[in-house]
Colleague: 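Structure in structure tokens, see below.
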Amino acid sequence: MSGIRLEEEFFEFLAQGRFMLQRSRGSGEHVFFPRVAAPRTGSRDLEWVEASGRGTVYATTVVRVKPPQQPYNVVLVDLDEGPRMMSRVDNLPAEAVRIGMRVRA
């Protein structure tokens with residue numbers, strides 16, 4: 001299966017309201033972004049599994065835009081399953097997001 005098709009699958013899961021990650025059957029290691037082979041081992045035994053959606057903010061920045069738009073945050077989140085991903089934290093003022101904050105998708 002191609003990497004492009006795997007990315008399409010990931011977005012299809014999101015459209016269904018499901019947050020899925022790939023996990024190596026052999027090592028149990030979760031990986032993100034979708035890929036054909038595990039990054040450290042090259043193993044092609046990756047399967048889709050439901051993610052908890054929980055994580056911890058590793059880094060954050062505030063993007064200030066031209067008014068009347070409101071500033072927004074961009075964060076790196078360490079998922080409880082292991083991978084780190086880029087995201088945003090909604091429903092809080094951009095400046096209120098802090099490193100170490102627990103978040104949920």
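FYI, the numbering just counts along the sequence from 1.
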Colleague: A side-chain contact here means heavy atoms from C-beta on lying under 4.5 Å apart; do V31 and P83 qualify?
Modeller: no
Colleague: How about L46 and R35: do any of their side-chain heavy atoms sit closer than 4.5 Å?
Modeller: yes
Colleague: Which heavy-atom pair separates A105 from F19 by the least distance, and what is that distance?
Modeller: CB-CD2, 4.2 Å
Colleague: Less than 4.0 angstrom from a charged side-chain N to a carboxylate O is my criterion; do R5 and E12 meet it?
Modeller: yes
Colleague: Between R104 and D80 (salt bridge meaning N to carboxylate O under 4.0 Å), is one present in this structure?
Modeller: no
Colleague: Of E29, E47, E81, which meets salt bridge (Lys or Arg N to Asp or Glu O under 4.0 Å) against R23?
Modeller: E47
Colleague: For P71 versus V65, what's the shortest heavy-atom pair and its separation?
Modeller: N-CG2, 4.4 Å
Colleague: Please assess V75 against M86 for the test side chain to side chain contact (heavy atoms under 4.5 Å, CB included), listing each intermediate value before the final yes or no.
Modeller: CA-CA 6 Å; V75 297; M86 186 178 292; over 6 Å; no
Colleague: Just wondering, do T56 and V103 contact through their side chains at under 4.5 Å, heavy atoms?
Modeller: no
Colleague: Just wondering, do L76 and V57 contact through their side chains at under 4.5 Å, heavy atoms?
Modeller: no
Colleague: Tell me if the CZ atom of R40 is crowded by more than 12 foreign heavy atoms within 6.0 Å.
Modeller: no
Colleague: What's the spacing between M101 CE and L92 CG if we round to 0.5 Å?
Modeller: 5.5 Å
Colleague: Would you say the side chain of Q22 lies within less than 4.5 Å of the side chain of P34, judging by non-hydrogen atoms?
Modeller: yes
Colleague: Do we get R84 above F32's six-membered ring, with its NZ or CZ under 6.0 Å from the centre and within 45° of the axis?
Modeller: no
Colleague: Go through the steps to decide whether L21 and W48 satisfy the test side chain to side chain contact (heavy atoms under 4.5 Å, CB included), and finish with yes or no.
Modeller: CA-CA 6 Å; L21 294 174; W48 288 107; 5.8 Å; no
Colleague: I want to know whether F10 and F33 have ring centres closer than 6.0 Å.
Modeller: no
Colleague: Step by step, work out the side-chain hydrogen bond (donor to acceptor under 3.5 Å, both in side chains) result for N73 and T60.
Modeller: CA-CA 7 Å; N73 61 67; T60 183; 5.2 Å; no
Colleague: When rounded to the nearest 0.5 angstrom, what distance separates NE2 in H30 from CE in M20?
Modeller: 10.0 Å
